[in-house]
Structures are given as structure tokens and as C-alpha cells.
Amino acid sequence: MAVVALETQFHVLAVDDSLIDRMLIERLLKTSSFNVTTVDSATKALKFLGLVEDELKTFETSVASEIHQDVDVNLIITDYCMPGMTGYDLLRKIKESKSLKNIPVVIMSSENVPSRINRCLEEGAEEFFLKPVQQADVNKLKPHLMKSRTKEEQDQPLINNKRKDMEEIYSPNKTRLRCSS
């Protein structure tokens, strides 16, 4: 019972321009006890996440301004090929955002194009699923959700430890051991 309660805390944003694919992914995610929000475009996903394009550029912000969203999203699953902004473009915008970059992103596509898959994974996608998405694919999401939660909790101590390690390595008082031959 405690496991189900833990899983229902996870909220997934599903992005796909195809109504049938959105309904399928929503059903699969809800079967796995996820809270799900679906949108039909990458632009609507950015608005939902609070990342708004500043087309008029009247403010001092650069290209986008971030607005706090009311709902925390723990994972984004998006179609690759959509009109307007692609899933790859959405991935890049999320990874460039200070407040959203730690949200895991999964790309899905009906086309098995290795260069596309590699490009998405190199840009920061956690997984690349081929459509139709199966329950086994959805089961692969849970470790990414847990990893993102522990990453958020551990980020601050990790930064402090890295700083300490760097100070030890580059300390002027540190002497090097010589290897004898």
C-alpha cells in the first residue's frame, strides 16, 4: 500500500499532437499510478511548465522568462515529430532552463532513426521509446523518477563536496608522492 501512495506523488506531462497516442500514453501512465497531464503541442507544454516565450522582447530578459507553475512535474514524455516545435526542441528548451533542467525527459517516436535517437540522448533525454509505447516502456520510467528526486535532495551537498575535493587537489601545501623506479 505504501508503494502505491509513493507512486501517486509522481506527475507526468505527456506531449503528443496525436489524440490516439496521447490517450494511449495517458492510459498506460495512469495504470502505473502516475498523475498525468496531457497537451497537444510543445508550446502548450512550455506554457504549462511556466516557460513563456517573450516574443516582444520588451523586458530585460533574454529570449524566455520563467514563471512559477502551480503543479510540479516529475517527468516529461514527448513525441519527437510534432508541427511547430519538435520534441527535440522542447527537450533543448527544458535542459536550458535553470528551473526545469533536472526534470527527466523521455522522447517517443514511431520512426527508428539512430541519428535522431543518439542526438536526443546526447542532449539529455533519459530514454527514447519507439511507438507504440508499451507497458514495459512505462515501467522503465520509475528509476528516472526516483533518480530525479534523489538528485534534487542531494544537489547542495554534492556541490559542497566537489568544492572541498578541488581545494584538496589544488592546495599549494599539497605535496606529490614520487614513484620510485
Side chains of V106 and F129, heavy atoms from C-beta outward: is any pair under 4.5 Å? yes
Checking S97 side chain against K93 main chain: does a donor-acceptor pair fall under 3.5 Å? no
Can you pull out every salt bridge (Lys or Arg N to Asp or Glu O under 4.0 Å) where at least one residue sits in residues 34-45? Sequence neighbours excluded, please. D40-K44
Atom CG of L141 and atom CZ of F34: how far apart are they, to the nearest 0.5 Å? 5.5 Å
Does I117 have any side-chain contact (heavy atoms from CB on, under 4.5 Å) partners at least two apart in sequence or in another chain, and if so, which? N112, L121, F128
Under 3.5 Å donor-acceptor, H11 side chain and D72 backbone: yes
Show the nearest heavy-atom pair for residues P132 and D137, with the distance to one decimal. O-OD2, 4.3 Å
Name all residues meeting the side chain to side chain donor-acceptor pair (under 3.5 Å) criterion together with D89; count only those two or more places apart in sequence or in a different chain, and write none if there are none. T86
List the steps, then state whether side chain to side chain contact (heavy atoms under 4.5 Å, CB included) holds for L46 with L90. CA-CA 8 Å; L46 289 175; L90 176 61; 3.6 Å; yes
Give the minimum heavy-atom separation between L91 and C120, together with the two atoms involved. CD2-O, 3.5 Å
Any heavy-atom pair between the side chains of E126 and V105 that's under 4.5 Å? no
Starting from L19, walk the hydrophobic network (Ile, Leu, Val, Met, Phe, Trp, Tyr; side-chain heavy atoms closer than 4.5 Å) and list everyone else you reach, by chain and number. M23
Just to verify, what does T43 make a side chain to side chain donor-acceptor pair (under 3.5 Å) with, not counting sequence neighbours? none
Could you pull out all residues at least two apart from T38 that satisfy side-chain contact (heavy atoms from CB on, under 4.5 Å)? A14, R22, E26, V36
Considering all heavy atoms of both residues, which atom of V15 and which atom of A42 are nearest to each other, and what is their separation? CG1-N, 3.8 Å
Here the salt bridge (Lys or Arg N to Asp or Glu O under 4.0 Å) pairs for residues 102-115, sequence neighbours left out, are E111-R116
Reported OG-to-CG distance for the pair S32 and N139, which is rounded to 0.5 angstrom: 5.0 Å
Distance, nearest 0.5 Å, that separates CG of L24 from CG of L29: 9.0 Å
The criterion is side chain to side chain donor-acceptor pair (under 3.5 Å); which residues satisfy it with Q134, sequence neighbours excluded? none
Show me the donor-acceptor pairs, under 3.5 Å and distance only, between side chains in residues 75-85 and residues at least two apart or in other chains.
residue: D79; atom: OD1; partner: K131; partner atom: NZ; Å: 3.2
residue: Y80; atom: OH; partner: R119; partner atom: NH2; Å: 2.3

Residues that S18 engages under side-chain contact (heavy atoms from CB on, under 4.5 Å), provided they are two or more places apart: D16, I20, D21
Say whether, by atom type as modelled, one donor and one acceptor occur between the side chain of K95 and the main chain of I103 under 3.5 angstrom. yes
The criterion is salt bridge (charged side-chain N to carboxylate O under 4.0 Å, His left out); which residues satisfy it with E127, sequence neighbours excluded? none
Side-chain touch N35/V12, heavy atoms, less than 4.5 angstrom: no
Residues which pass side-chain contact (heavy atoms from CB on, under 4.5 Å) with S115, listed by chain and number, not counting sequence neighbours: V113
With the side chain counted from C-beta on, respond yes when E96 and K101 share a heavy-atom pair under 4.5 Å apart, and no when they do not. no
